[in-house]
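Hydrogens, waters and symmetry mates play no part in the numbers below; they use all other heavy atoms, side chains included.
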Amino acid sequence: MGIEIKGFDDIFEELDDMNISDRKKRNALREGAEIVKQAVIDNSPVKSGDMRKSWKSKIKRFDGDLGFEVRGDTPQDIENEFGSSTNKKHIGFFSNAVDKVADKAVNIIAKEILK
């Protein structure tokens, strides 16, 4: 499941252009990832609570650029995000959560980099 957020590309380009250590980049991205992960946790459907506990964030390289991913470990993650023939209640919960905090995450990453 991939959701692309506008604004992150600009930040990633700026990070590459600046002479900043990978460690500082990773720390800044970790702060932004935590905000996104918490928003997804808060917006996750609650039946047994397993889905809320399953969300993980990870800093990794995508095509040579540093970035982060937030993903879950339960089969219900995709079913609830995109719906199924029997479950249409929570469609878009992940993308809605990310949309709500995308600007805040970008600003936090920028602040951390410029410290």
Side-chain angles (χ1 to χ4, degrees):
M1 166 167 57
I3 296 175
E4 190 170 323
I5 301 170
K6 302 293 182 199
F8 280 109
D9 293 335
D10 297 334
I11 289 221
F12 294 143
E13 285 176 25
E14 292 293 324
L15 291 176
D16 289 338
D17 291 344
M18 299 170 77
N19 288 326
I20 298 172
S21 68
D22 266 3
R23 182 177 180 189
K24 191 168 186 174
K25 290 178 190 178
R26 286 179 182 276
N27 288 338
L29 289 169
R30 194 169 291 114
E31 293 288 326
E34 190 58 37
I35 289 171
V36 173
K37 181 178 108 177
Q38 191 58 49
V40 171
I41 289 170
D42 293 344
N43 206 33
S44 292
V46 179
K47 186 171 183 179
S48 66
D50 290 341
M51 186 182 299
R52 286 188 174 208
K53 296 174 191 172
S54 74
W55 295 106
K56 309 272 188 272
S57 63
K58 183 178 181 180
I59 307 301
K60 60 189 262 184
R61 292 205 177 267
F62 298 93
D63 298 326
D65 296 326
L66 274 176
F68 67 85
E69 71 177 5
V70 175
R71 65 184 198 148
D73 292 333
T74 65
Q76 292 79 23
D77 301 336
I78 292 175
E79 183 178 307
N80 281 311
E81 173 65 14
F82 298 109
S84 69
S85 61
T86 59
N87 179 13
K88 298 195 184 316
K89 274 195 270 191
H90 306 291
I91 292 176
F93 81 94
F94 185 91
S95 53
N96 290 338
V98 173
D99 287 344
K100 286 180 196 174
V101 296
D103 290 337
K104 183 177 180 182
V106 169
N107 290 334
I108 294 263
I109 292 169
K111 279 184 193 174
E112 290 295 316
I113 288 296
L114 298 175
K115 273 187 181 179

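Judged by distance alone, the side chain of Arg30 and the main-chain N or O of Ile59 form no donor-acceptor pair under 3.5 Å. With Arg71 contributing its side chain and Lys56 its backbone, the two residues share no donor-acceptor pair below 3.5 Å.
The CD1 atom of Ile108 sits 12.5 Å away from atom CD1 of Ile113, with the distance rounded to the nearest 0.5 Å. To the nearest 0.5 angstrom, Asp22 atom CG is 10.0 Å from Leu29 atom CG. Atom CG of residue Asn107 and atom NZ of residue Lys104 lie 10.0 Å apart, to the nearest 0.5 angstrom.
Between Val101 and Gln38, every side-chain heavy-atom pair lies at or beyond the 4.5 Å cut-off.
Linking ILVMFWY side-chain heavy atoms closer than 4.5 Å, directly or via other members, places Ile91 and Phe94 in two distinct hydrophobic clusters.
A salt bridge is absent between Asp65 and Lys25: the closest approach of a Lys/Arg side-chain nitrogen to an acidic carboxylate oxygen does not fall below 4.0 angstrom.
Here the closest heavy-atom approach between residue Trp55 and residue Ser44 is recorded as NE1-OG, 2.8 Å. The two residues Ala97 and Ala39 make their nearest non-hydrogen contact at CB-O, 3.5 Å.
For Asn27 and Glu31, the side-chain atoms include no donor-acceptor pair closer than 3.5 Å.
For Lys58, the NZ atom sits in a loose shell: 12 or fewer heavy atoms of surrounding residues, nucleotides or ligands are nearer than 6.0 Å. The number of heavy atoms from other shown groups lying within 6.0 Å of CZ (Arg23) does not exceed 12.
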